[in-house]
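Below is one structure; the comments refer to it alone.
Lettering of chains follows the sequences in order, A, B, ..., and the numbering in each one begins at 1.
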There are 2 protein chains.
Amino acid sequence: MPQDAVLLTTQVACDKCPIRNRAVCAHCESDELAELEAAKLYRNYEAGQVVTWSGDPMEFVASVVSGVATLTQTLEDGRTQMVGLLLPSDFLGRPGRQKASYTVTATTDLLLCCFQRRPFENLLNRTPRLSTRLLEMTLDELDAAREWLLLLGRKSAREKIASFLAILCRREAALTKVKPNGRLAISLPLTREAMADYLGLTLETVSRQMTALRKDGVIEMDGKRHIIIPSYHLLVEESGDDADGGPLI
Amino acid sequence: MPQDAVLLTTQVACDKCPIRNRAVCAHCESDELAELEAAKLYRNYEAGQVVTWSGDPMEFVASVVSGVATLTQTLEDGRTQMVGLLLPSDFLGRPGRQKASYTVTATTDLLLCCFQRRPFENLLNRTPRLSTRLLEMTLDELDAAREWLLLLGRKSAREKIASFLAILCRREAALTKVKPNGRLAISLPLTREAMADYLGLTLETVSRQMTALRKDGVIEMDGKRHIIIPSYHLLVEESGDDADGGPLI
DNA sequence: CGCTATGTTGACTGATATCAAGAGCCGTGG
DNA sequence: CCACGGCTCTTGATATCAGTCAACATAGCG
């Protein structure tokens, strides 16, 4: 049951924002940034809260400041598939569209930097640095979606899990700008069920394959949600991918 | 084995182009169109020809004028998944990227309206009507990719086939601006194997499910590549989708 | 200290893949 | 004109991977 988001009175200034150089505003200059700064509004969601239901009116677009959100689609009999995983700096919403096409859920505590849709669309139309960045981000998302198609269409359950973990490693590397090599640790922002919805599997299969990868020494587990990767290279080999799993940044 | 495309000397003028109001140039005005007109170069590919291999340098971007092209990705052991199906008016290539990320293949005879990448990027930077349209098209492709994720992750083989045929119906409707209702016919631009690559199945399963849908009266076949849909509504019911299969335009 | 979420494991089932054979179609060339 | 070879497609028999159903374990929380 969706509850209203908490509206924070204290907002971080744009020039001190942790996602300043990766979000949709990344290329903006000081005057443009000032305009965004004046229009922005932080919203906080608790883990498990629904941000919007598919089909509901969507009066704002937003950047993920911290936390994780998912986009999901559902068939008439309830089968659900995740179609988007939004991490810090990712953009939420589609300019020009008034209704949400997907159900958006906070899977961890989530902080969004929101803009009223209409004013943002206006700004987008007269700010090339904003629209160019949004195009770039959308093209990146399309590439990610196409990698995801390959995963869903052709990979085994074991390869799916390994690929997913490798993707998380790369996303973390992109954010911290540390190239993954040797031993590294990631925390899973998703339940087994959410992982299953990402990977087109059941939660039982996810659990079994995680156990198998652990027994084979590909991963180590420190609790259910904290994974240690002894060798990133080995993980990528298990993912079935052609090259080295794509660019690390 | 890729052969050089045939370069046509006779090019259709932009204002008589069949994809004029749907392609990336759709919103351009006469002066912008003149600039595109001067820069464009038609290329012709025969059915089966490879347009670019994944990883090869890509010196042009293009609009599909007529025919069908596919984007495919491959795992190290040869499993392949289609990740894009380009129909007339669709855009090929990514501005800002010099190497092709996917293997592009003409599955029918194919006519491309090509632009050298660098000049096109320059034009894109100083022509909002061009960049806005490209953003719009990219967002549409992302939506289509997300619908595809649901198909690959959660649908049965039978539902996948029905969904694919419904998608083709809708694309045809979008192009001819005729709303699909009652009896309608489509021609399959793909072999059974290419359909399998689209749907994450084997060609044998595609064949079996086509036969099953035929025996159940959901489709009729006039040769292998010409399908008659007695009832679009029934087809959508077989696709497993929630609503009516999304907007028809 | 139960209660509910989440996660693991086991036994069994079933949908789709795999392997294999053959049919239909088309272009080529004797 | 017909025979041949190469595709594409269909159909059948069998194997296998992941799903389903069920029981239990663990952890966080009121």
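Nucleotide C:dT13 forms a Watson-Crick or G-U wobble pair with D:dA18, both donor-acceptor distances falling under 3.5 Å. Base pairing of C:dC26: its partner is D:dG5, meeting the Watson-Crick or G-U wobble criterion (both donor-acceptor distances under 3.5 Å).
Checked by atom type, the side-chain pair B:Arg170/B:Tyr232 shows a donor-acceptor distance below 3.5 Å.
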Nucleotide by nucleotide, nucleotides 6-19 of chain D touches protein heavy atoms under 4.0 Å in the pattern (B base, S sugar-phosphate only, - none) ---SBBBB----SS

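The local environment of NE2 in B:His233 is sparse, with at most 12 non-hydrogen atoms from other residues, nucleotides or ligands closer than 6.0 Å. No more than 12 heavy atoms of other residues, nucleotides or ligands lie within 6.0 Å of CD in B:Glu193, so this atom counts as exposed by the packing criterion.
Taking atom CG of residue A:Leu188 and atom C1' of nucleotide C:dG7, one finds them 12 Å apart after rounding to whole Å.
Residues B:Arg94 and A:Asp140 are paired through a salt bridge, judged by an N-O separation under 4.0 Å between the basic side chain and the carboxylate. Looking at B:Arg79 and A:Glu159, a side-chain N of the basic residue comes within less than 4.0 Å of a carboxylate O on the acidic one, giving a salt bridge.
Taking 90° from 0 as the syn/anti boundary, the base of D:dA13 is oriented anti.
When B:Leu110, B:Val61, B:Thr52, B:Val104 are each tested for a side-chain contact (heavy atoms from CB on, under 4.5 Å) with B:Leu92, only one passes: B:Val104.
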